[in-house]
Amino acid sequence: PPQTPIRAAMTSIQQLRGDLTSSGDQPSTNLATYFKNCTVDPMQAVLLRLETLEQAFSQRFGQAVGPRCTLGCQRFKLGVRLYYKIMEAMLKSEEKRLSVQNFSKLLNDSTFHTSLLACALEVVMATYEESSFKTGGYNHDAAGGDPVKTDLCFPWILDVVDLPAFDFYKVIESFIKAEPTLSKDIVKHLETCENLIMERIAWRTDSPLFELLKQEHGGGAADQVETPAS
Amino acid sequence: SHDYHFGLEDHEGISELFDCD
């Protein structure tokens, strides 16, 4: 039977939490094995980064949402579970594709981890409709209270974790591939993020894209340098 | 896939996107 928007949202939330029940707050045994197989074990760096980003996220979440700042910690914890789950799935897929088990360069890349975590957090906030292109930034209190305006809609998360949109874009497709149970709405949400990045955000003046384009074109020659506007 | 357009080829994955190939 058709669901009301509130019921649909609550079903989505229950599904997300259910899917992550078996995922721990720490890397699984399999994931820890991938870490140990690295030339440099990234475990400590991963945990330290999560600690730092949890503080940043919770603080900014509280500033945006208001007095219910404890929700920020809950969202982050769910995001971390999803981040670990997706990372493990990605590595399994890469292991099969590339026939390698040492992913030291990838797993010691801070940008990769920040991008993956940001995507997981974006999925969590989209599930709770705190990041929504449809509602224009408003979400309804689950207990049926007054609508509360939030400013958590993408690309809010990029500013919180200090991540260029260009780098965030890289994980989206692999994220969707690694988690086939993502709902149609969430896939659509991520696709909208992709389109926003491709059409607009990746071309902002401070984007790393321009430096990469310069390098790609053999960089250096003054007459080959284009302004961001062009 | 819910009509999502997957653009990566079979020989492309997260390792290539982060220059880890």
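Numbers restart at 1 for each chain; the letters A, B, ... are given by sequence-line order, proteins then strands.
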message: Can you tell me how far apart CG (B/Leu17) and CD (A/Glu173) are? Round to the nearest 0.5 Å.
response: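 Between atom CG of B/Leu17 and atom CD of A/Glu173 there are 8.0 Å.
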Taking the side chain as everything from C-beta on, heavy atoms only, tell me whether [X] gets closer than 4.5 Å to [Y].
{"X": "A/Phe112", "Y": "B/Ile14", "answer": "yes"}
{"X": "B/His11", "Y": "A/Leu98", "answer": "no"}
{"X": "A/Ile176", "Y": "B/Phe6", "answer": "yes"}
{"X": "A/Ser115", "Y": "B/Phe18", "answer": "yes"}
{"X": "A/Leu182", "Y": "B/Tyr4", "answer": "no"}

- request: Decide if atom CG of A/Asp162 counts as having more than 12 heavy atoms of other residues, nucleotides or ligands within a radius under 6.0 Å.
  value: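 Not more than 12 within 6.0 Å, no.
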- request: Identify which part of A/Val100 has an atom lying under 4.5 Å from any heavy atom of chain B, answering side chain, backbone, both or neither.
  value: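 For A/Val100, no heavy atom lies under 4.5 Å from chain B.
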- request: Heavy atoms only, distances under 4.5 angstrom: which of A/Lys177, A/Met90, A/Lys188 has the most pairs with chain B? Name it, please.
  value: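 Most heavy-atom pairs under 4.5 Å with chain B: A/Lys177.
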- request: State whether A/Arg97 and B/Glu16 are salt-bridged, where the test is any N-O pair (Lys NZ or Arg NE/NH1/NH2 against Asp/Glu carboxylate O) under 4.0 Å.
  value: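 Looking at B/Glu16 together with A/Arg97, the answer is yes, because their closest N to O distance falls below 4.0 Å.
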query: Is the backbone of B/Asp19 close enough, under 3.5 Å, to the side chain of A/Lys105 for a donor and an acceptor to pair up by distance?
result: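 Yes, A/Lys105 side chain to B/Asp19 backbone: donor-acceptor pair under 3.5 Å.
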query: So, the side chain of A/Glu94 versus the backbone of B/Gly13: is there a donor-acceptor pair under 3.5 Å, distance only?
result: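 Such a contact is absent between A/Glu94 side chain and B/Gly13 backbone.
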task: Specify the closest pair of heavy atoms between B/Ser15 and A/Leu106, including all atoms of both residues, with the distance to one decimal.
output: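 Between these two residues, the closest heavy atoms are OG-CD2, 4.4 Å.
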